[in-house]
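All heavy atoms count here, side chains included; hydrogens, waters and symmetry mates do not. For clarity, every value in this text was computed on a predicted model and none was experimentally measured.
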Amino acid sequence: MVSQVQRHPLAAQTAQLLLTRIRDGEWPLGHRLPGETTLAAQLGVGRSTLREAIRELAGKGVLDSRQGAGVFVTALDVAEDWDTVLRRTTIASVIEARIAIEAEAAALAATRRTPPICARSAAPWPPAASKASRYPITWTPTWRFTAR
C-alpha cells in the first residue's frame, strides 16, 4: 500500500509552532504574547491564520484571548481529552480500570456510611405510585449494606 502525502492546514501548523515555542519556554505561564501583527510577521503567516491558530489553542486551554488586553499563556501544554485517550486504548483496559475504580468507590461508600444514609437506603424507592397510575411501579431492593 502506498502512503499518501497529507496536507495540514496552515492554521494547525501555526498552532503547533506556537505550542512548541510555549513548551520551549519562550513565553512563560501568564505571559502576554506579542501583538498580532508582530507575531504573524515572525511566523510568516497572515493575521487571519494566526487568529485561527490562537482560537485552536484557546479551545485546548493553552491560550486565553482577552479583548483589548491581548493573548495570554494559560497552560504550558495541551491536556489530553478523553476522546484521545480512549482512542489509544483497548476495551479490556477500560473495563479493568472501571473495575478497579468502582470496587474502590463501593468500598469507600460502605466504610463511610452513616445512620442517616442507611435509613435513606432502606426506604422504598421509587416512592409508591399514585392510585391513578395505570402502570403501578414495583421495586424490590436487591442489596443491603453489610457491616464488616
Taking the side chain as every heavy atom from C-beta outward, state whether [X] and [Y] have any pair of such atoms under 4.5 Å apart.
X: Leu57; Y: Val71; answer: no
X: Gln13; Y: Leu17; answer: no
X: Phe72; Y: His31; answer: no
X: Leu50; Y: Leu18; answer: yes

- Ignoring hydrogens and angles, tell me if any N or O in the side chain of Thr38 forms a donor-acceptor pair with the backbone of Pro34 under 3.5 Å. no
- Message: Please check this pair: side chain of Thr74 against backbone of Val62, looking for a donor-acceptor N/O pair closer than 3.5 Å.
- Response: yes
- Task: With side chain to side chain contact (heavy atoms under 4.5 Å, CB included) as the test, would you mind laying out the steps for Leu29 and Ile22 before giving the verdict?
- Result: CA-CA 9 Å; Leu29 195 62; Ile22 290 168; over 6 Å; no
To the closest 0.5 Å, what do you measure between [atom1] ([X]) and [atom2] ([Y])?
X: Thr90; Y: Ile95; atom1: OG1; atom2: CD1; value: 8.5 Å
X: Leu19; Y: Glu56; atom1: CG; atom2: CD; value: 9.5 Å
X: Arg51; Y: Leu39; atom1: CZ; atom2: CG; value: 12.0 Å
X: Leu43; Y: Thr14; atom1: CG; atom2: OG1; value: 6.5 Å
X: Arg66; Y: Arg32; atom1: CZ; atom2: CZ; value: 10.5 Å
X: Arg47; Y: Ile54; atom1: CZ; atom2: CD1; value: 10.5 Å

- Note on the structure: Scanning both residues in full, the closest heavy-atom pair of Ala53 with Ala15 reads CB-N, 3.5 Å
- Task: Identify the heavy atoms of Leu76 and Arg23 that sit nearest to each other, and give their distance.
- Result: O-CG, 3.5 Å
- Query: Have Arg21 and Gln16 got a donor and an acceptor in their side chains that come within less than 3.5 Å?
  - Reply: no
